[in-house]
Engineer: 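Can you read through this structure? Questions will come right after.
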Amino acid sequence: MTSSVKHAVIAGGLGVIGRNLVTHLSQQSGWKVTAISRRKPDFQTSAAFLSVDLTDPAATRTALNGLKDVTHIFYAAYQEHDDPKMQVELNLAMLQNLVEAVDESSPAFARVILYEGAKYYGAHLGAFPTPAVESDPRQMPPMFYYDQEDWLRSKAASRPWDMIVLRPDVVCGFAIGNPMNLSMVIAVYAAISKELGLPLRFPGTSDCYGRLAQVTDAAQLAAGSQWAANHAVANEAYNLTNGDVFRWHTVWKQAAQYFGMELAAPMTISLSDMMADKGPVWNRIVEKHDLVRVPFEKVASWGFGDFIFRCDWDVISSTTKIRQAGFQDCVDSPAMFIRLFDEFRERKVIP
Ligand SMILES: NC(=O)c1ccc[n+]([C@@H]2O[C@H](COP(=O)([O-])OP(=O)(O)OC[C@H]3O[C@@H](n4cnc5c(N)ncnc54)[C@H](OP(=O)(O)O)[C@@H]3O)[C@@H](O)[C@H]2O)c1
């Protein structure tokens, strides 16, 4: 490293991964943080925020041109698109625009940390070989992680900087309006069930209820990202989860206790369909408990919940590689959900 102070550019600084990384890294000595998203930050932070649309190469270059000392990019920006081909094109172009801009402007540029996920192993397609190890063969594309990683790997090969891939699974932490945020799905679904006088019922399949699952605490991922920036072996990929596995029935039992509800047997429903008309119920809850006004369509990602709670197979990534390489932190996942529910309550986003 040429500079004693490292300058991190965190793309996707308002996402569930990015905002927790911004908070973590800006509290560490020796790090300066610039975060990127199109929206302005909605929280107090010492990090600088750049409002730039990464799909626009000229705007990205102009915005980054003033930064001459960037050492690291943490790439956690993400845009959804219904058309899988467009999703690949969009997300690849965003990564390319940012990396090219920093490569041009910052001579001390040293490393890119790219976030992928268990979809790399086919978690979105069906049962996949578990525990998934980093060297497992890929599944049938399209899958934008493959395009992003391949481009980044080949670009880094001819440049002085290197790259690391981190593969978390279901990231749990605070964020609003993002398409993948499971902990808010559970909390808001529980609040609505309670308001309607219902017991808490797992809305996925009974098979999924008993399967082994894993998640990644956003705080654990932030600590692991800092480790990856400093210590990971160049150009390697690492799974990064909480390091434990659990069964959903354990988490839902604890959630029912936490929210003061009776736990009933699972009933498979489509959250996307059944929550579609629950805006007025949510508004009533917000009024009754004087919660922060978050629009109902932004408060929870129901489609993501439907996807996760219908995985009728074990979802497990091996964390042997990252632990042997030196990142050994682990998190008790059922306890993490309770800690996050506490945090959501403190933030007044759930009752
Ligand atoms: N969440 C999970 O459970 C999870 C699990 C494993 C892997 N991953 C992967 O990790 C990556 C990040 O996921 P995430 O869930 O943290 O994403 P997220 O919560 O949806 O956040 C995406 C971020 O990207 C920004 N963004 C989107 N389009 C942009 C654009 N055109 N220009 C600039 N910024 C833009 C968003 O802010 P603005 O809208 O303000 O621009 C936001 O800050 C993705 O590749 C995802 O597949 C996620």
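Indexing begins at 1, ligand by ligand and atom by atom, following the structure's order. Here, residue 1 is the first one in the sequence, and each next residue gets the next number. Note: hydrogens, waters and symmetry copies are ignored here, and every other heavy atom, side chains too, is used.
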Engineer: For atom 39 (O) of ligand 1, grab the closest protein heavy atom and report residue, atom and distance to one decimal in Å.
Structural biologist: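 Going atom by atom, the protein heavy atom closest to atom 39 (O) of ligand 1 ends up being Arg38 NH2, 3.0 Å.
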Engineer: Counting only nitrogen or oxygen atoms and a 3.5 angstrom limit, does Gln79 reach ligand 1?
Structural biologist: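 Yes; at least one N/O pair falls below 3.5 Å.
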Engineer: Please indicate whether any nitrogen or oxygen in Met180 is less than 3.5 Å from any nitrogen or oxygen in ligand 1.
Structural biologist: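 The answer is yes, given that Met180 and ligand 1 share an N or O pair closer than 3.5 Å.
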Engineer: Below a 4.0 angstrom heavy-atom separation, can you tell me which part of Val52, side chain or backbone, both or neither, approaches ligand 1?
Structural biologist: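 Just the backbone.
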Engineer: Considering both backbone and side-chain atoms of Val16, is one of its nitrogen or oxygen atoms within less than 3.5 Å of a nitrogen or oxygen in ligand 1?
Structural biologist: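 Yes; at least one N/O pair falls below 3.5 Å.
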Engineer: For atom 17 (O) of ligand 1, what's the nearest protein heavy atom and its distance?
Structural biologist: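 Of every protein heavy atom, Tyr78 CB, 4.0 Å lies nearest to atom 17 (O) of ligand 1.
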Engineer: Does ligand 1 have any atom sitting under 4.0 Å from a heavy atom of Ala175?
Structural biologist: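 The answer is no: ligand 1 sits nowhere under 4.0 Å from a heavy atom of Ala175.
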Engineer: Can you check side-chain contact (heavy atoms from CB on, under 4.5 Å) on Val33 and Thr45, steps first, answer last?
Structural biologist: CA-CA 10 Å; Val33 178; Thr45 173; over 6 Å; no
Engineer: Out of all atoms in ligand 1, which are within 4.0 Å of some heavy atom of Met94? Include the element for each.
Structural biologist: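 The list of qualifying atoms is 28 (N), 29 (C), 30 (C), 31 (N).
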Engineer: Say you draw a straight line from CZ of Phe341 to CD1 of Ile186; how long is it, rounded to the nearest 0.5 Å?
Structural biologist: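 Here the rounded value is 5.0 Å.
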Engineer: By number and element, which atoms of ligand 1 are closer than 4.0 Å to a non-hydrogen atom of Leu14?
Structural biologist: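 Every atom of ligand 1 under 4.0 Å from some heavy atom of Leu14: 43 (O).
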Engineer: Would you mind running through ligand 1 and noting each atom that sits below 4.0 Å from a heavy atom of Gly117?
Structural biologist: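 Answer, ordered by atom number: 6 (C), 7 (C).
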Engineer: Give me the residue, atom name and distance of the protein heavy atom closest to atom 25 (C) of ligand 1.
Structural biologist: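 That would be Gly12 CA, 3.9 Å.
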Engineer: What residue and atom, counting heavy atoms only, is the protein's closest point to atom 5 (C) of ligand 1, and at what distance?
Structural biologist: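 For this ligand atom, the closest protein heavy atom is Val171 CG2, 3.6 Å.
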Engineer: Honestly curious: do Tyr78 and Met184 fall in one hydrophobic cluster under the side-chain, below-4.5 Å linking rule?
Structural biologist: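 Linked, Tyr78 and Met184 end up in one cluster.
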Engineer: Among all protein heavy atoms, pick out the one at the shortest distance from atom 21 (O) of ligand 1; state its residue, atom name and that distance to 0.1 Å.
Structural biologist: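 Atom 21 (O) of ligand 1 sits closest to the protein heavy atom Gly15 CA, 3.1 Å.
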Engineer: Against ligand 1, does Phe144 come closer than 4.0 Å with any heavy atom?
Structural biologist: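 Within the 4.0 Å threshold, so yes.
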Engineer: By number and element, which atoms of ligand 1 are closer than 4.0 Å to a non-hydrogen atom of Asp53?
Structural biologist: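 So the atoms of ligand 1 that pass are 30 (C), 31 (N), 32 (N).
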Engineer: Say whether Ile36, considering both its backbone and side-chain N or O atoms, lies within less than 3.5 Å of an N or O atom on ligand 1.
Structural biologist: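 In fact, backbone or side chain, Ile36 has no N or O that close.
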Engineer: Are Glu287 and Arg293 within salt-bridge range, i.e. N to O under 4.0 Å?
Structural biologist: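 Result for this pair is yes, salt bridge flagged.
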Engineer: Between the side chains of Tyr258 and Asp342, is a donor N or O closer than 3.5 angstrom to an acceptor N or O?
Structural biologist: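 The answer is yes; a qualifying pair exists.
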Engineer: Can you pull out the closest protein heavy atom to atom 16 (O) of ligand 1? Residue, atom name and distance to 0.1 Å, please.
Structural biologist: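 In this structure, atom 16 (O) of ligand 1 has Ile17 N, 3.1 Å as its nearest protein heavy atom.
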Engineer: Verify the cluster assignment for Val299 and Val286: are they in a single hydrophobic cluster under the rule of side-chain heavy atoms below 4.5 Å apart?
Structural biologist: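 Looking at the clustering, Val286 is in the same group as Val299.
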Engineer: Does ligand 1 come near enough to Leu54 that some N or O of the ligand is less than 3.5 Å from an N or O of the residue?
Structural biologist: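 Yes, since at least one N or O of Leu54 sits under 3.5 Å from an N or O of ligand 1.
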Engineer: Short list, please: which atoms of ligand 1 are under 4.0 Å from a heavy atom of Asn178?
Structural biologist: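 Once the distances to Asn178 are compared, the set is 18 (P), 19 (O), 20 (O).
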Engineer: Around atom 12 (C) of ligand 1, find the nearest protein heavy atom and jot down its residue, atom name and distance.
Structural biologist: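 Ranked first by proximity to atom 12 (C) of ligand 1 is Ala76 O, 3.4 Å.
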Engineer: Answer with yes or no whether the hydrophobic clustering places Val102 together with Phe74; edges join I, L, V, M, F, W, Y residues whose side-chain heavy atoms lie under 4.5 Å apart.
Structural biologist: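 Different clusters.
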Engineer: Taking only heavy atoms of Tyr145 into account, list the atoms of ligand 1 that are under 4.0 Å away from them.
Structural biologist: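 Result: 7 (C), 8 (N), 9 (C), 45 (O), 46 (C), 47 (O).
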Engineer: When you group the ILVMFWY residues by side-chain heavy-atom contacts below 4.5 Å and let the links chain together, are Phe259 and Val281 in the same group?
Structural biologist: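 Same cluster: Val281 reaches Phe259 through Ile, Leu, Val, Met, Phe, Trp or Tyr contacts under 4.5 Å.
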Engineer: Taking a cutoff of less than 4.0 Å between a non-hydrogen atom of the residue and any ligand atom, is Leu182 in contact with ligand 1?
Structural biologist: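 Leu182: no contact with ligand 1 (<4.0 Å).
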Engineer: Do you reckon Met163 sits in the same ILVMFWY cluster as Tyr75, going by side-chain contacts under 4.5 Å, direct or chained?
Structural biologist: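 Yes; Tyr75 is reachable from Met163 via cluster members.
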Engineer: Answer yes or no: does atom NZ of Lys85 have more than 12 heavy-atom neighbours from other residues, nucleotides or ligands under 6.0 Å?
Structural biologist: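 Atom NZ in Lys85 is not packed in, count stays at 12 or less.
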Engineer: Among all protein heavy atoms, pick out the one at the shortest distance from atom 7 (C) of ligand 1; state its residue, atom name and that distance to 0.1 Å.
Structural biologist: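 That would be Glu116 O, 3.0 Å.
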Engineer: Is the number of heavy atoms from other residues, nucleotides or ligands under 6.0 Å of Lys155 NZ greater than 12?
Structural biologist: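 It does: Lys155 NZ has more than 12 such atoms within range.
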Engineer: Describe, in one word, how the ring planes of Phe174 and Phe344 are oriented to each other, choosing from parallel (under 30°), tilted (30 to 60°) and perpendicular (over 60°).
Structural biologist: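 The arrangement is tilted - the two ring planes meet at 30° to 60°.
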Engineer: With heavy atoms of Gly13 as the reference, note each atom of ligand 1 found under 4.0 Å away.
Structural biologist: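 It comes down to these atoms of ligand 1: 43 (O).
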Engineer: Quick one: do the Tyr120 and Arg138 side chains pair a donor with an acceptor below 3.5 Å?
Structural biologist: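 Yes - a donor-acceptor pair under 3.5 Å links their side chains.
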Engineer: Taking everything shown except Met274 itself, do over 12 heavy atoms lie less than 6.0 Å from its CE?
Structural biologist: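 No - once you tally the heavy atoms of other residues, nucleotides and ligands closer than 6.0 Å, there are 12 at most.
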